[in-house]
Amino acid sequence: MKGGSIVGSLAGRLVVIVCAIISVILFGQAVVGLSGEVTELDARVATRGTLLAQAAANAAEPAFERDASGRFDTVISQLQRSLDVVEASIVDRDGRILGHSDPALVGRVDPIAGVSSFGMQAPLRGLMHLFDESADYRVIAPVQRGDHLIGFVRLHYRSSEVSERAVFIVGATGGWAMLWLLIGGTAATLYVRHITRPLMRLTEAAQALTDERLDAVDLSGMERSEAGAADELVTLQRAFRHLVMGLRAERAENATLLDQLQSLNMHLQDRVDEVTADLRGAHDHLAAVVGALEEGVLSCTVDGEIVQVNDAVSRHLEGISRPQHGLHIGELVPSVEARLRQSFAEVMEHGRAMSLEVEAPVAGRTRILALRIVPMRGQRRVPNGGVVTVRDETEARMLEGQLRRQDRLVSLGTLAAGLAHELGNHMHIIQGFANVLVKRLPTDSEFHEDAQAIHEENRRAVQLLRRFLQFARPDEGNFVDADLAALAREALSFCRVELKAAGVTVEDRIGDAPRPIVCDPHLLQQVFINLSLNAGDAMREQPERRLVVTLTEAQDPPGWALVFTDSGPGVPPELRDRIFDPFFTTKSTGTGLGLAIASRIITAHRGRLTLSSPPSGGAVFTIALPRPEAFGETTA
Ligand code: ADP
């Protein structure tokens, strides 16, 4: 764009505008001057008419007295000579026409020239008025005699000079106006054509651009206007066209790129979906694995802040803390917080895993927790977090202790069994000699009773040793097919005499139906006799002593249930877990081995020996034994 052409074009336009303004001002001044001149002329004509009318009134006054009509005509004629009279009349105060420019009207009554018309205002005058009214003047002059009003002179005249001048001014003004209207209209048309239209087109195009409607931008108009539009506008249009073309080309290029990008994006999206699905699968799998772990697993930031925990953590730390996101690892076990914090910091510093065992008091019990802190490594193998596993070792430690104790007991038992065996040999010899001594000493001998006591106590000791040995080295058993009902009935008959002596009534509800079973009959009967005699012992102090033995079918496992119910005091709740322990007895002469051996025998028969104590009192021992087919299955 050339700077000079802009300036020139703008200056030219400025000159036109200034000239137009000056012309308007000059035209205005001419109009105002002419208007003043016409107004002045108008005033002069009006004043002259007024003076002539008044002079006519003065001249007519003497004629009123004499009623000399000729005189009136003279006055009227003088007025007609002096002015371009349209109508002139002399009337008395009653409106009677005394003299008139139209002689035919003399003697008539002028309806408007009464007293009331005296003092009537002269009409407003002015340029337009003069033009409008054809410069007509109306004057009323009073005819006075002394102070009395006796009539009027009414004068209607016109001035062609004034009206011609007025017409000239109006014509000139109209001509000027028409000329400037023409110039203005042409200028406006040109302006609209060459400036406004292109500008509007540019504005619309710019708006379309702003609204991102690049296709809607109309460039055709701009091409046409290049020939006639102002230089700067042309330059602007060219620049705009150039810009739009550039934008369109860029957009087309962008569209191509966008297409490529979209296909690339779709491909990428597919890949991302695939990888995401893989990752999700891996994540779910990992989460399932971590969730299924018995060990509690926590992941922490390098500062020891917990990020994630699995379900097992809560189980292991139940009652100590609530592991959750944001908590510091040290706060997991408040009683050893300082130690935990320090250990974690050491692992993070040296990058070496560390195991530690901490004790935490929970509900009055000491829990042993095994913790292992393993560093997670980021770039350049520097620890950027840690994984902590938690395991409650309390039960395991307890079991370990029990196992150790059991080991010691087994060795002790083996030692005791060996000792018992050795002792048994010696005691059998003592038993033999004591037997001989009792038999040889006369019954009235003072030593006979002592010898019998030695014999009796030794017999009991031998019996205890035998039972102990039976417990320590249980019989393997000789399993055969048998009838449980028959075995139970026979066992009851063995101890019936002893029970009867103890005052116990035995109620046999075993029934006659055969109950097939695979068993060692001797061992089973030993159990039945033990349970029956125990019941007898328990009921020793009871007023009513009754033992009921029932044999029924059992469902779980399918087989038989032999139940011994007595009317004794039952087993106190605190002892129920202990009566099956070896050597547990509440009797002064008991060995505490009866139920332990019985339980072992029933277990060897794939059965169960259980105790229940109904609220009605008494003890109920139930022996559940499998049918032969079930026994075979369980043996296999
Ligand atoms: P022992 O008969 O030598 O004491 P057991 O093992 O047979 O040894 O019995 C252990 C303990 O079980 C007995 O001392 C007794 O306290 C309790 N007991 C066994 N049978 C009964 C029963 N029918 N009623 C009440 N207590 C019983």
Side-chain angles (χ1 to χ4, degrees), residues 409 413 416-417 420 424 427 456-475 488 491-492 494-510 522-551 561-605 607-624:
L409 276 177
M427 288 175 88
E456 184 54 26
E457 286 307 312
N458 194 62
R459 190 190 62 80
R460 286 170 63 86
V462 167
Q463 200 180 3
L464 173 65
L465 276 179
R466 198 170 45 243
R467 300 207 81 178
F468 173 72
L469 282 172
Q470 192 184 0
F471 177 73
R473 292 179 193 143
D475 197 339
L492 273 186
F494 289 156
C495 46
R496 200 177 289 273
V497 178
E498 196 168 339
L499 287 172
K500 201 174 175 185
V504 177
T505 314
V506 178
E507 208 172 302
D508 179 351
R509 293 190 196 164
I510 294 167
H522 172 70
L523 289 178
L524 267 196
Q525 280 187 331
Q526 193 183 325
V527 174
F528 303 159
I529 292 167
N530 196 312
L531 292 179
S532 303
L533 294 179
N534 268 356
D537 285 347
M539 293 187 289
R540 208 176 286 276
E541 305 293 323
Q542 301 297 310
E544 193 209 344
R545 296 159 209 162
R546 194 158 54 92
L547 173 66
V548 182
V549 182
T550 54
L551 179 55
L562 185 63
V563 186
F564 293 78
T565 308
D566 65 47
S567 58
V571 182
E574 65 277 11
L575 300 182
R576 280 175 202 162
D577 284 343
R578 299 175 60 195
I579 58 168
F580 293 100
D581 289 348
F583 304 112
F584 175 80
T585 179
T586 55
K587 302 171 195 166
S588 55
T589 55
T591 61
L593 287 169
L595 287 179
I597 293 170
S599 179
R600 184 176 279 178
I601 291 170
I602 298 300
T603 307
H605 282 78
R608 261 198 328 264
L609 172 60
T610 50
L611 161 76
S612 57
S613 292
S616 50
V620 180
F621 284 91
T622 304
I623 300 167

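Each ligand, and each atom within it, is numbered from 1 in the order the structure gives. These figures come from a predicted structure and were not determined experimentally.
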- Ligand-residue contact atoms, ligand 1 with Val571, heavy atoms, under 4.0 Å: 25 (C), 26 (N)
- Task: Please could you name the atoms of ligand 1 that Phe621 approaches to less than 4.0 Å, counting only its heavy atoms?
- Result: 20 (N), 21 (C), 22 (C), 23 (N)
- Task: May I ask you to test the Phe621-Asn534 pair for a side-chain heavy-atom distance under 4.5 Å?
- Result: no
- Query: So which protein heavy atom does atom 22 (C) of ligand 1 come closest to, and at what separation?
  - Reply: Ala538 CB, 3.7 Å
- Query: For ligand 1, is Phe564 a contact, meaning one of its heavy atoms is under 4.0 Å away?
  - Reply: no
- Message: I'd like to know if atom 18 (N) of ligand 1 has any protein heavy atom within a distance of less than 4.0 Å.
- Response: no
- Check: Ile602 and Leu524 side chains under 4.5 Å, non-hydrogen atoms: yes
- Task: Could you please spell out the steps behind the side chain to side chain contact (heavy atoms under 4.5 Å, CB included) verdict for Leu492 and Ile510?
- Result: CA-CA 10 Å; Leu492 273 186; Ile510 294 167; 3.9 Å; yes
- Message: As an exercise, identify every atom of ligand 1 less than 4.0 angstrom from a heavy atom of Gly590.
- Response: 3 (O)
- Task: Measure the shortest side-chain to side-chain distance between Leu609 and Leu531 over non-hydrogen atoms and say whether it is less than 4.5 angstrom.
- Result: yes
- Task: Considering the heavy atoms of Asn530, write down every atom of ligand 1 situated less than 4.0 Å from one of them.
- Result: 7 (O)
- Within-shell test, Gly568 vs ligand 1, heavy atom, strictly < 4.0 Å: no
- Item | Option of least heavy-atom distance to atom 4 (O) of ligand 1 (set: Leu547, Asp566, Thr585, Leu531) | Thr585
- Task: Run down the list Leu575, Thr589, Thr586 and name the one with the heavy atom closest to atom 15 (C) of ligand 1.
- Result: Thr586
- Task: Number the atoms of ligand 1 from 1 as they appear, then name those within less than 4.0 Å of a heavy atom of Gly570, with their elements.
- Result: 25 (C)
- Query: Quick one: are Asn458 and Val462 in side-chain contact, heavy atoms under 4.5 Å?
  - Reply: yes
- Task: Decide yes or no for Phe564 and Val620: does some side-chain heavy atom of the first lie under 4.5 Å from some side-chain heavy atom of the second?
- Result: no
- Message: Within the structure provided, determine whether Leu575 and Phe584 are in side-chain contact (heavy-atom separation under 4.5 Å).
- Response: yes
- Are the side chains of Ile597 and Asn530 in touch, meaning some heavy atoms are under 4.5 Å apart? no
- Any side-chain heavy atom of Val549 sitting closer than 4.5 Å to one from Asp508? no
- Any idea which atoms of ligand 1 are less than 4.0 Å away from a heavy-atom of Leu595? 5 (P), 6 (O), 7 (O), 9 (O), 12 (O), 19 (C)
- Go through ligand 1 atom by atom and flag the ones less than 4.0 Å from a non-hydrogen atom of Thr591. 3 (O)
- Item | Identity and distance of the protein heavy atom lying nearest atom 10 (C) of ligand 1 | Phe584 O, 3.3 Å
- Is Gly592 close to ligand 1, meaning an N/O of one under 3.5 Å from an N/O of the other? yes
